[in-house]
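Every chain is numbered from 1, with letters handed out A, B, ... down the list of sequences.
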Amino acid sequence: MASHICISHSFLSHNHQSFPSSSSSSSSSFSLHNFLFSNFASSFKRFTLLSKASLHHPNTHAPHQDAVSRDLDTNSSSSSKSRVWVNPSSSRAKHFRTKSSTSRHSYLTRLAESLNSCTPTAQHVSTILKGLGDNVSESDAVFILDKMVNSVTAPFVLRYFLDKIKPSGDTEVVLFNITLKTFRKSRDFEGAEKLFDEMIQRGVKPDNITFSTLINSARMCSLPNKAVEWFEKLPSFGCEPDAMLYSAMVSAYAQTNNVDMALRLYDRAKAERWSLDASTFSSLIKMHGVLGNYDEGLRIFQEMKALGVKPSVVTYNTLLGGLFKARRSWQAKNIYKEMVTDGVLPDFITYSTLLRIYAAAQYSDGAFGVYEEMKRHGMDMSVDLYNRLLAMCANVGCIEEAVEIFEDMKSSGTCQPNSLSFSSLITVYSCNGMVSEAEGTLNEMVQSGFQPTIYVLTSLVQCYGKAKRTDDVVKIFKQLVDLHIVPDVQFCCCLLNVMTQTPKEELGKIIECIEKANTQLGSVIRYLVEEKEDDGNFRKEISELLNSIDVKAKKPLCNCLIDLCVRLNEPNRARDLLELGLTLEIYKNLQSRSQNQWSLHLKKLSVGAAMTALNVWINDLSKALESGEDLPPLLGVNTGYGKHKYVSDKGLASVCESHLRELNAPFHEAPDKAGWFLVTKDAAKSWLECRSSTESIADLNFQVSGGSTLAVQYG
DNA sequence: CTAGGGTTAG
């Protein structure tokens with residue numbers, strides 16, 4: 001066997017002298033190959049430098065280019081030196097072959113890079129491409145076009161090649177298709193459509209790849225309707241959609257939330273046994289999630305696994321995103337577990353979505369766990385994620401954790417606390433009556449260039465109220481006025497809340513603030529404090545007030561007003577307000593009755609409102625019993641088990657428990673259902689009968705005069 | 001490594 005590979009010495013020794021063209025006389029096709037590449041390799045450095053220089057000095061472009069062309073023109077270089085023969089099957093030969101082909105790719109890549117950054121004119125493009133010589137091979141054209149990212153220049157390159165190669169119809173469509181890809185890369189869908197027109201004008205027949213590229217371009221440009229439009233045009237060009245196109249279209253229809261079409265194509269794909277990939281399934285899952293049908297998405301997920309398609313990280317992230325949207329936090333952990341079991345590596349989106357879910361659900365352990373996991377993986381937290389953690393801390397009452405997270409944020413190097421971050425930390429301190437810490441953070445906030453917001457001032461009112469520093473509460477109100485901030489209902493609620501903790505002789509100071517903040521509310525408060533008889537105006541004014549405010553503020557206000565009534569020892573007014581709240585549907589479904597159990601639902605009520613509702617319920621039970629109605633086997637009170645320190649120091653559950661004990665009510669905390677207090681029919685009966693004979697109405701005031709914070713719920 | 005796929009959170 002005479003076949004040997006010819007390697008030029010100049011290549012081996014990095015000698016810049018070229019190898020003689022006569023080497024083509026070698027019987028091995030490899031020899032020419034390597035010869036060409038070794039030449040390319042030796043001229044790389046110079047070429048790069050020159051082409052870079054020409055970018056900066058467009059006027060000197062031509063002469064430089066001449067030098068480049070000369071260097072690259074393999075036929076013109078012809079000074080002989082020495083050669084080495086290498087056995088083609090030897091490892092050494094492989095080494096050179098690889099190196100040579102790498103070199104050629106590098107050369108073509110550099111050409112493409114020059115084209116990507118050159119002035120987009122036919123002239124500049126042809127000057128650069130002259131280096132390829134006159135006989136441009138189809139594969140070189142394909143390679144270069146494929147490396148193009150500049151969709152403005154790419155059509156010039158395409159036209160150059162079409163002109164040089166004079167390709168057949170088959171080759172033409174390939175070159176057009178590759179050029180189309182550059183428009184996808186630069187997200188220029190209009191440009192892609194224009195190139196399609198040019199294609200038609202030249203009489204080139206588009207194929208499935210053409211349409212696939214166009215359709216995916218449209219999708220990537222967030223123009224799913226365009227994708228649909230082009231899909232529908234497909235038959236008029238004599239094309240028949242295939243698996244790849246259907247797959248893209250399932251996603252496109254899913255993107256437009258066209259459930260019918262997406263599912264129809266999906267069913268078709270299943271019927272035809274076309275393989276769909278994880279991303280197509282992800283699109284379907286997302287579609288259902290966006291439309292609020294998480295369970296439908298989950299069904300697709302199960303089907304996907306049954307069909308043997310392995311879920312990707314995106315699939316899991318999509319599911320988690322759906323859970324976040326649907327506020328179904330309790331399912332998140334299982335999805336995450338399955339993901340880990342499945343060996344799919346969580347990424348930043350996985351963790352940030354989990355963190356958002358847990359933080360929103362105030363599942364602090366979960367959220368902190370994810371936070372630690374992110375730190376362990378060296379993932380940078382965003383301002384938003386830090387703020388969600390801090391807001392959760394404020395809601396749940398995690399002081400040390402909040403401080404630590406805030407410090408982490410400052411030293412993260414990637415983001416700094418913003419107004420929201422400071423606000424949350426101030427709220428954390430304020431909820432716990434930590435005056436000096438709250439003041440210190442406020443100072444830091446101002447020094448960092450942030451004005452106090454209404455949220456911050458609301459927190460500070462709460463803080464000083466808790467500390468019984470009434471004058472400072474008034475001072476904060478003045479600041480609010482000075483800053484030209486319009487007090488909102490939440491701020492007023494906070495003032496009302498402070499009233500429940502303020503000694504009677506100082507109430508006037510707060511009432512003055514409330515009157516200035518909201519005349520209507522001020523008038524209502526006068527009724528309560530001055531113990532005016534309700535001449536019918538009280539109910540009218542309060543209804544007007546409740547009807548005029550934002551729907552999100554209704555319940556907090558109602559809660560505060562009831563708390564104040566309780567505090568002022570006016571249980572009948574508290575009851576009237578609760579009833580009004582029920583009439584206006586501010587409170588809903590407080591009581592429920594099923595065959596087996598009658599229940600009272602106190603979740604999201606303030607302490608005063610909850611205890612008022614409890615008393616009303618107990619009275620209703622007595623009435624039912626008196627009227628001869630039979631009780632169900634079980635009676636229950638649901639307080640919820642949220643660690644909502646924001647709502648109350650003790651939590652509704654413990655306040656409720658002590659109130660029930662005070663009433664000698666035989667309710668017991670359910671061992672298997674957190675937040676539930678239950679009593680059996682017989683125990684309830686004997687207690688209610690005994691109670692009605694003593695006719696004692698509990699004084700609720702003990703609940704709220706002890707300095708505990710009553711519920712103020714912010715949105 | 002030389003013609004078609006990227007999708008996911010706010």
Would you indicate whether A:Lys194, at its atom NZ, is surrounded by more than 12 heavy atoms from other residues, nucleotides or ligands within a distance under 6.0 Å? no
For A:Phe281, answer base if it contacts any base atom (sugar-phosphate contacts may also be present), sugar-phosphate if it contacts only those atoms, and nothing otherwise; contact means non-hydrogen atoms under 4.0 Å. nothing
Under 4.0 angstrom, heavy atoms only, what part of the nucleic acid is A:Asn208 near: base, sugar-phosphate, or nothing? base
Taking every non-hydrogen atom, the tightest pair across A:Pro206 and A:Met199: CA-CE, 3.7 Å
Closer than 4.0 Å, any side-chain N/O of A:Lys181 to the OP1 or OP2 of B:dG4? yes
Check every atom of B:dA9, B:dT2, B:dG4 against the side chain of A:Ser212 and return the nucleotide holding the closest atom. B:dG4
At 4.0 Å (heavy atoms only), tell me whether A:Leu320 reaches a base, stays on the sugar-phosphate, or touches nothing. nothing
Take atom CE of A:Met249 and atom P of B:dG5, then tell me their distance rounded to the nearest Å. 14 Å
Just how far, in rounded Å, is P of B:dG5 from CD1 of A:Ile209? 9 Å
Take A:Arg264 and A:Asp267 through the test salt bridge (Lys or Arg N to Asp or Glu O under 4.0 Å) and record every step on the way to the result. CA-CA 5 Å; A:Arg264 199 181 301 169; A:Asp267 286 339; over 6 Å; no
So, under a plain 3.5 Å distance rule, would you say the side chain of A:Asp242 forms a donor-acceptor pair with the base of B:dG4? yes
Using whole Å, what does the distance between atom P of nucleotide B:dG6 and atom OH of A:Tyr253 come to? 21 Å
Separation of atom NZ in A:Lys185 from atom C1' in B:dG5, rounded to whole Å: 14 Å
With a non-hydrogen cut-off below 4.0 angstrom, is A:Ile349 in contact with a base, only sugar-phosphate, or nothing? base
Nearest to the side chain of A:Ser139 - B:dG10, B:dG4, B:dT2? B:dT2
Any N or O donor-acceptor pair linking the side chain of A:Asn177 to the base of B:dG4 at under 3.5 Å? no
Could you walk me through whether A:Asp295 and A:Arg328 pass the salt bridge (Lys or Arg N to Asp or Glu O under 4.0 Å) test, one step at a time? CA-CA 11 Å; A:Asp295 289 326; A:Arg328 285 159 66 159; 2.8 Å; yes
Measuring from the side chain of A:Arg388 (C-beta onward, heavy atoms only), which nucleotide among B:dA9, B:dG10, B:dG5 has the closest atom? B:dG10
Could you check how far CG of A:Asn216 sits from P of B:dA3, rounded to whole Å? 17 Å
When we call it a touch if two heavy atoms are under 4.0 Å apart, what does A:Thr210 touch: a base, just sugar-phosphate, or nothing? nothing
Integer angstrom distance from the C1' of B:dG4 to that of B:dT8: 22 Å
Candidate nucleotides B:dA3, B:dG6, B:dT2, ranked by approach to the side chain of A:Asp207 - the nearest: B:dA3
Listed nucleotide nearest any side-chain atom of A:His105, set B:dG4, B:dC1, B:dT8: B:dC1
Looking only at side-chain N and O atoms, does A:Arg184 come under 4.0 Å of OP1 or OP2 in B:dG4? no
Atom NZ of A:Lys286 to atom P of B:dG6: distance rounded to whole Å? 16 Å
Pair A:Tyr294-A:Lys325, side-chain donor/acceptor within less than 3.5 Å: no
Provide the distance between the two P atoms, one in B:dT2 and one in B:dG6, to the nearest whole Å. 14 Å
Nearest-Å distance, CE (A:Met220) to C1' (B:dT8)? 14 Å
What is the distance, to the nearest angstrom, from the CZ atom on A:Phe231 to the P atom on B:dG5? 16 Å
Count the heavy atoms of every other residue, nucleotide or ligand shown that sit under 6.0 Å from CZ of A:Phe156, and state whether that count exceeds 12. yes
Sugar-phosphate only, base, or nothing, as touched by A:Ser352 at under 4.0 Å among non-hydrogen atoms: base
Using a heavy-atom cut-off of under 4.0 Å over every strand shown, decide if A:Thr318 touches base, sugar-phosphate, or nothing. sugar-phosphate
Closest to side chain of A:Lys147, choosing from B:dT2, B:dA3, B:dG10: B:dT2
Does the ring of A:Tyr107 carry A:Arg110 above it, NZ/CZ under 6.0 angstrom from centre and within 45° of its axis? no
